[in-house]
*Asks:* 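Right, I'll just put the structure down here and ask away after.
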2 protein chains.
Amino acid sequence: MHSKLDCLFCKIVNGDIPAEIVYESDTALAFRDINPQAPIHVLIIPRQHIATINDIADAHQSLVGSLYSAAREIAEAEGIAADGYRAVMNCNAAAGQTVFHIHLHLLGGRPLGWPPG
Amino acid sequence: MHSKLDCLFCKIVNGDIPAEIVYESDTALAFRDINPQAPIHVLIIPRQHIATINDIADAHQSLVGSLYSAAREIAEAEGIAADGYRAVMNCNAAAGQTVFHIHLHLLGGRPLGWPPG
């Protein structure tokens, strides 16, 4: 699983740190953000450790795409699919990335303004 | 290519409407947003017509992942890879989706605030 011993999200994948998990698949895991920015705010991560978007290799395309299959399913389960939601991935400091294991923020349950930050 | 006759982005894919194209691959195309919200603001789209995230099938996972390979390459070419950037995909009205052909907004060149809208 290419986990990193010092990675917070790898520890969640491995069950070493608790999280409010809302979705699991062979490739991905999702749990609620502990600092939610909307009524629904879920983080969708690959089980495999990839630090940033800059580290996504072409061989990871299916894996990264699976995060969007997860987003679709979670949005449906949370009742926000029809009204709408936003999927956000930050890369490095200018975007405020704080955990260096890629994660797709899924936000919904309220109108989301523009620009997105 | 499953294009839709009335879809603005399919018309860009087909070359029927001009755009400032910055990236092309077998599966994806990217061009500058005409209402940029950051010094770098590029839209990355699949050549294939998919209306919203809700319409992403599991068979589209590689295709959707290829948008992130594009993001990585564009960020490098635009000189924002190290400082950082944000990738955003909106679904339906609550998120402000206006063109119903999925597109990944790539924003960079300035600090991006939180929450993302």
*Asks:* Only pairs of heavy atoms separated by less than 4.5 Å count here; which of B/Gly108, B/Ala87, B/Ala75, B/Ala82 has the most with chain A?
*Replies:* B/Ala87
*Asks:* Among A/Ala71, A/Ala81, A/Ala93, which residue has the highest count of heavy-atom pairs closer than 4.5 Å to chain B?
*Replies:* A/Ala81
*Asks:* At a 4.5 Å cut-off on heavy atoms, which part of B/Ala38 comes close to chain A: side chain, backbone, both, or neither?
*Replies:* neither
*Asks:* Counting only non-hydrogen atoms closer than 4.5 Å, does B/Ile80 touch chain A with its backbone (N, CA, C, O), its side chain (CB onward), both, or neither?
*Replies:* neither
*Asks:* Ignoring hydrogens, what is the shortest heavy-atom contact between A/Ala94 and B/Gly84? Give both atom names and the distance.
*Replies:* CB-O, 3.8 Å
*Asks:* Would you mind checking which part of A/Leu104 comes under 4.5 Å of any heavy atom in chain B, side chain (CB onward), backbone (N, CA, C, O), both or neither?
*Replies:* side chain
*Asks:* What residues of residues 110-117 of chain A sit under 4.5 Å from chain B when only non-hydrogen atoms are counted?
*Replies:* A/Arg110, A/Pro111, A/Leu112, A/Gly113, A/Trp114, A/Pro115, A/Pro116, A/Gly117
*Asks:* Return the option, out of A/Leu67, A/Leu107, A/Val88, with the maximum number of heavy-atom pairs under 4.5 Å with chain B.
*Replies:* A/Val88
*Asks:* Any link between B/Leu8 and B/Phe100 through a network of hydrophobic side chains (Ile, Leu, Val, Met, Phe, Trp, Tyr) touching at under 4.5 Å?
*Replies:* no
*Asks:* Counting only non-hydrogen atoms closer than 4.5 Å, does B/His60 touch chain A with its backbone (N, CA, C, O), its side chain (CB onward), both, or neither?
*Replies:* neither
*Asks:* Looking only at the side chains, is there a donor atom on one of A/Arg72 and B/Asn54 sitting less than 3.5 Å from an acceptor on the other?
*Replies:* no
*Asks:* Ignoring hydrogens and geometry, is there a side-chain-to-backbone donor-acceptor pair from A/Asn92 to B/Asp83 under 3.5 Å?
*Replies:* no
*Asks:* Give the minimum heavy-atom separation between B/Ala57 and A/Ser69, together with the two atoms involved.
*Replies:* O-OG, 4.5 Å
*Asks:* Taking B/Glu73, B/Gln97, B/Gln37 one by one, which has the highest count of heavy-atom pairs under 4.5 Å against chain A?
*Replies:* B/Gln37
*Asks:* Could you have a look at A/Glu76, A/His41, A/His105 and say which one has the most heavy-atom pairs with chain B under 4.5 angstrom?
*Replies:* A/His105
*Asks:* Could you measure the distance from the OG atom of B/Ser62 to the CG atom of A/Asp58? Nearest 0.5 Å is fine.
*Replies:* 10.5 Å
*Asks:* Are the side chains of B/Tyr85 and A/Ile53 in contact, using a 4.5 Å heavy-atom criterion?
*Replies:* yes
*Asks:* Residues two or more places apart in sequence or in another chain: which of them pass ring-ring contact (aromatic ring centres under 6.0 Å, His included) with B/Phe31?
*Replies:* B/Phe9
